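Quick caveat: nothing in here was measured; it's all calculated off a predicted structure. Below, chain A is the first sequence line, B the second, and so on; all start at residue 1.
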There are 2 protein chains.
Amino acid sequence: MFKKPYELFFKTLANEQRLKIINLLRKCPKNVTQICKELNFNQTTVSHNLKKLKTCGFVFNKKNGKERIYSINKTTIKPLMELIDKHTDKFCRHLCC
Amino acid sequence: MFKKPYELFFKTLANEQRLKIINLLRKCPKNVTQICKELNFNQTTVSHNLKKLKTCGFVFNKKNGKERIYSINKTTIKPLMELIDKHTDKFCRHLCC
DNA sequence: AAGTTATATGTTATATTCTACATATGTTTA
DNA sequence: TAAACATATGTAGAATATAACATATAACTT
C-alpha cells in the first residue's frame with residue numbers, strides 16, 4: 001500500500017556534513033549559528049542540510065525568537081547508530097582505518 | 001581510535017537497485033543470473049552493486065561451481081529495515097505516497 | 001522605521017555516482 | 001582444448017548530489 005522511502009532516508013544519511021550535524025546534535029540541541037560555528041560549516045549549507053534531515057524526521061526544530069533550535073530524533077537515531085556500530089564491529093573490521 | 005564508516009554504509013544503501021537486490025535476497029539466496037533475471041537488471045551492474053554490498057558486509061557469497069550464491073546478512077538487514085519501517089510509521093507518514 | 005541578527009531559499013558550477021559497454025577471468029562441458 | 005556459461009572488472013558518458021554564492025524572509029533592537 002505505502003511505498004516506504006528507504007532510498008530517501010539512506011541518501012539523507014549518506015553525507016558527511018549531515019552525519020556531523022547529527023553527531024553534534026546527539027549531545028544537545030543547538031541553533032543554526034551554533035552548529036555552523038562548532039563545525040565550521042557555512043550557514044546556507046547547514047540550513048539546506050537541516051531541511052533535508054527535518055524532511056526525513058531525523059531532527060526536529062522549534063522557534064525561539066529569531067532563532068531555531070534543532071534537536072535530534074533520539075528514538076530513531078540512537079538505535080540506528082548502535083546498529084551500525086554493532087555491524088561494523090562484527091562484519092566490517094576490515095573497513096576500519 | 002577506529003573511524004566508523006557510516007557514510008560508506010549509508011551511501012551503499014542509498015541506491016534503488018541495491019535496495020531491490022537486498023529486498024530480493026531477503027526472501028532467499030540467489031546467484032547473479034537469477035538476480036539479473038528476476039529484477040530485469042543487466043549483469044555488469046548487478047555484479048558491481050553486489051561487490052559494494054559485500055564490501056559493506058550487507059551480503060555474503062559462496063562459490064558453487066561457476067556460480068556465486070549471494071545471501072543477505074540478516075543480522076544487520078532485518079533489524080535495520082524494521083527500524084526504518086517503525087520510523088516511517090511514527091515520524092514520516094507525510095512521506096508516504 | 002531603519003538597522004541588525006538569524007535563518008531559509010533559489011540557483012549553479014563542481015564533484016560524485018551510476019549505468020552500461022567492452023572485456024577479462026574462471027569454470028564446466030563437448 | 002575449444003566452446004559455452006557465469007561472474008567480475010576497467011572505463012567513460014550521463015545522471016545526480018554537493019556546496020557556496022546571492023538573496024529573501026522573519027524577528028529583534030534602537
Tell me whether the ring of B/His48 lies stacked over the C/dT19 base, given a 5.5 Å limit on centroids and a 30° limit on the plane angle. no
For [X], enumerate each residue passing the side-chain contact (heavy atoms from CB on, under 4.5 Å) test, keeping only those at least two apart in sequence or located in another chain.
{"X": "A/Lys54", "value": "A/Val59, A/Asn61"}
{"X": "B/Lys90", "value": "A/Thr75"}
{"X": "B/Lys66", "value": "none"}
{"X": "B/Leu83", "value": "A/Pro79, A/Leu80"}

Chain A footprint on DNA chain D, 5' to 3' - any atom under 4.0 Å from a heavy atom: D/dA17 to D/dC28
Considering residues at least two apart in sequence or located in another chain, which fulfil the side chain to side chain donor-acceptor pair (under 3.5 Å) criterion with [X]?
{"X": "B/Ser47", "result": "B/Gln43"}
{"X": "B/Glu38", "result": "B/Lys30"}
{"X": "A/Thr45", "result": "A/Asn42"}
{"X": "A/His87", "result": "B/Thr76"}

What are the atom names and distances for every N/O pair under 3.5 Å that joins the protein to nucleotides 26-30 of chain C?
residue : atom : partner : partner atom : Å
C/dT27  : OP1  : B/Lys63 : NZ           : 2.7

Within residues 19-39 of chain B, those residues having any heavy atom closer than 4.0 Å to DNA chain C are none
Is there any protein nitrogen or oxygen under 3.5 Å from a nitrogen or oxygen in nucleotides 16-18 of chain C, and what are the pairs?
residue : atom : partner : partner atom : Å
C/dC18  : OP1  : B/Asn15 : ND2          : 3.4
C/dC18  : OP1  : B/Arg18 : NH2          : 3.0
C/dC18  : OP2  : B/Lys52 : NZ           : 3.0

